[in-house]
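Since this is a predicted model, take the numbers as computed values, not measurements. Index from 1, following the sequence. We use all heavy atoms of the structure for the numbers below, so side chains are in, but hydrogens, waters and symmetry mates are not.
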Amino acid sequence: MTTKYTEDHEWIRVEGDIATVGITPHAQDALGDVVFVDLPEVGKTFAQKEVAGVVESVKAAADVYMPISGEITEVNEALRDDPSLANSDPLNAGWFFKVKLSDPTQVDALLDETAYAAFAA
């Protein structure tokens, strides 16, 4: 299981041909208390870097971009019910959606943890 990061502050964890996507701790720190998430529709297909959702906090709203191209297979209903999960556990319980990869090679171009940490610093 590999975790990669985007310059838009999303993380992606790939298991087989399914990837779980969320926002990074850095993103939730910048946003502050998350109060609402708009999640994509299951079955919808997105291209890499397309807007797939929105996260709103007390401070701002931010788009959630697709780190890779693919079809939405699942959304985190618990996050819809309790958006604060994006703050309290952004890398686990606060995930946003799962995607069936249409081009697994796109994952290779994303940042690893070291590169992301340097980018976000």
Side-chain angles (χ1 to χ4, degrees):
M1 184 165 55
T2 308
T3 303
K4 296 281 203 150
Y5 302 87
T6 72
E7 291 184 356
D8 296 311
H9 307 289
E10 287 91 23
W11 59 264
I12 176 170
R13 191 171 296 131
V14 180
E15 296 176 71
D17 66 345
I18 301 291
T20 305
V21 177
I23 62 171
T24 64
H26 177 85
Q28 69 82 27
D29 279 346
L31 284 166
D33 293 337
V34 175
V35 295
F36 175 77
V37 292
D38 182 19
L39 300 171
E41 197 178 307
V42 171
K44 190 161 183 200
T45 300
F46 291 91
Q48 188 176 34
K49 300 198 178 195
E50 204 173 347
V51 174
V54 176
V55 57
E56 293 181 16
S57 73
V58 291
K59 290 199 257 181
D63 290 332
V64 177
Y65 296 95
M66 282 295 283
I68 42 82
S69 300
E71 179 186 338
I72 304 297
T73 60
E74 188 180 346
V75 296
N76 187 352
E77 293 296 343
L79 185 63
R80 201 186 305 263
D81 296 339
D82 182 6
S84 71
L85 289 171
N87 293 119
S88 61
D89 195 5
L91 296 174
N92 292 297
W95 62 276
F96 277 55
F97 51 83
K98 295 189 179 190
V99 184
K100 183 171 176 44
L101 304 176
S102 60
D103 181 1
T105 63
Q106 290 178 332
V107 175
D108 299 336
L110 300 175
L111 303 171
D112 64 16
E113 193 166 354
T114 305
Y116 177 74
F119 171 80

Among residues two or more places apart or on two chains, list those pairs meeting side-chain hydrogen bond (donor to acceptor under 3.5 Å, both in side chains) that have a residue in [range].
{"range": "residues 25-45", "answer": "Q28-N87"}
{"range": "residues 99-121", "answer": "H9-Y116, D17-K100, T24-Y116, Q48-Q106, S69-Q106, D103-T105"}
{"range": "residues 50-63", "answer": "none"}

Ignoring hydrogens, what is the shortest heavy-atom contact between [X] and [Y]? Give both atom names and the distance.
{"X": "A86", "Y": "I23", "answer": "CB-CD1, 4.4 Å"}
{"X": "P25", "Y": "L91", "answer": "CD-CD2, 3.8 Å"}
{"X": "I72", "Y": "P40", "answer": "CD1-CG, 3.7 Å"}
{"X": "F119", "Y": "L111", "answer": "CB-CD1, 4.3 Å"}

ask   = So how far is it from L79 CG to D89 CG, rounded to the nearest 0.5 Å?
value =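 Reported to 0.5 Å precision, the distance equals 10.5 Å.
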key: Gap separating the CZ atom of R80 from the CZ atom of F36, nearest 0.5 angstrom   =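 That separation rounds to 8.0 Å.
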query = Among the clusters formed by ILVMFWY side chains lying less than 4.5 Å apart, do V107 and V99 turn up in the same one?
reply =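 Same hydrophobic cluster.
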key: Under 3.5 Å: donor-acceptor pair, side chain of W11, backbone of Y5   = no
message = Measuring only between side-chain heavy atoms, which start at C-beta, is K98 closer than 4.5 Å to V42?
response = no
note = So the ring-ring contact (aromatic ring centres under 6.0 Å, His included) pairs with at least one residue in residues 85-112 (sequence neighbours excluded) are none
ask   = Which residues pass the side chain to side chain contact (heavy atoms under 4.5 Å, CB included) test with E15, sequence neighbours left out?
value = M1
message = Going by side chain to side chain contact (heavy atoms under 4.5 Å, CB included), I68 matches just one of V21, L101, T6. Which one?
response = L101
query = With sequence neighbours excluded, what pairs up with N76 under the side chain to side chain donor-acceptor pair (under 3.5 Å) test?
reply =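 Result, side chain to side chain donor-acceptor pair (under 3.5 Å) vs N76: none returned.
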message = Applying side-chain contact (heavy atoms from CB on, under 4.5 Å) to I12 and E10, what does each step give before you reach the verdict?
response = CA-CA 7 Å; I12 176 170; E10 287 91 23; over 6 Å; no
